[in-house]
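Just so you know, ligand 1 is whichever comes first in the structure, and atom 1 is the first atom listed for that ligand. In what follows, residues are counted from 1 in the order of the sequence shown. Side chains included, hydrogens not; waters and symmetry mates left out as well; all remaining heavy atoms used.
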Amino acid sequence: MRITVLRLGHRPERDKRITTHVGLVARAFGADEILIDGRDEGVVESLRDVVNRWGGSFSVADGIVWKDELRRFRDSGGKIVHLTMYGSRIDDVIGEIRSCERIMVVVGAEKVPPDVYNIADWNVAVGNQPHSEVAALAVFLDRLFMGKELNRDFGGRLEVIPAARGKVVLDKKL
Ligand code: SAM
């Protein structure tokens with residue numbers, strides 16, 4: 001399955017850290033790309049830097065027009081999953097979503113426009129309490145992949161050798 005994450009409503013003056021974390025979680029938990037609504041070269045650079053050092057083929061784009069992206073994605077046969085505390089229970093819909101070939105997972109910042117709820121194939125709640133886009137995305141992807149994404153080999157220059165204590169990192173360029 002190919003997974004695009006769409007980060008809505010990024011405000012460069014206050015969301016740099018959280019949007020970076022959305023991107024890091026997207027990559028580490030098995031998504032293929034992130035599209036950021038809004039321009040932020042700093043966020044894009046820091047995510048690309050992680051990909052360069054830690055591997056994988058995760059791609060990053062900012063300054064996208066979210067309505068156009070959602071329409072284009074839907075019209076090309078992809079399915080849209082909007083993560084929101086108001087949505088259906090994740091356990092009720094994850095099986096259906098797992099059978100899709102391509103999904104776009106939408107996460108918001110503050111208030112998400114009503115159009116997003118309408119265009120989504122599924123509005124999905126990770127619990128019906130307010131929390132965070134980072135947590136919602138991590139739990140969603142983990143449920144989607146049933147935990148298997150955590151053992152994926154990213155083939156990067158840097159690789160952690162799991163250790164009970166301390167930090168062991170292999171740098172393949174040395
Ligand atoms: N009240 C806001 C709204 O209108 O959606 C919540 C904003 S919340 C700080 C930012 C994002 O986190 C939301 O747009 C949603 O994507 C995600 N989120 C927060 N709680 C969630 C939950 N329980 N289930 C799924 N997604 C959630």
Undergrad: Distance check, rounded to the nearest 0.5 Å: Asn52 atom CG versus Phe58 atom CZ?
TA: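 Nearest 0.5 Å value for the CG-CZ distance: 13.0 Å.
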Undergrad: Tell me whether the count of non-hydrogen atoms from other residues, nucleotides or ligands lying under 6.0 Å of NZ in Lys172 goes above 12.
TA: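 Correct, the count exceeds 12.
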Undergrad: So Leu24 and Leu47, do their side chains get closer than 4.5 Å, heavy atoms only?
TA: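 With C-beta onward as the side chain, the pair touches.
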Undergrad: Just verifying a value: how many Å separate Arg27 CZ and Ile3 CD1, rounded to the nearest 0.5 Å?
TA: 14.5 Å
Undergrad: For a 4.5 angstrom cut-off between non-hydrogen side-chain atoms, does Ile94 reach Trp122?
TA: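 No, too far: nothing below the 4.5 Å cut-off.
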Undergrad: Could you check ligand 1 for N or O atoms lying under 3.5 Å from protein N or O atoms and list the pairs with distances?
TA:
residue	atom	partner	partner atom	Å
ligand 1	12 (O)	Glu133	N	3.1
ligand 1	14 (O)	Gly108	N	3.1
ligand 1	16 (O)	Leu83	O	2.6
ligand 1	16 (O)	Gly108	N	3.2
ligand 1	20 (N)	His131	N	3.2
ligand 1	23 (N)	Val126	O	3.3
ligand 1	23 (N)	Gly127	O	2.9
ligand 1	23 (N)	Gln129	O	2.7
ligand 1	23 (N)	His131	NE2	3.1
ligand 1	24 (N)	Val126	N	2.9
ligand 1	26 (N)	Thr84	N	3.4

Undergrad: Quick one: list whatever passes ring-ring contact (aromatic ring centres under 6.0 Å, His included) with Tyr117, sequence neighbours left out.
TA: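 Only His82 meet the ring-ring contact (aromatic ring centres under 6.0 Å, His included) criterion with Tyr117.
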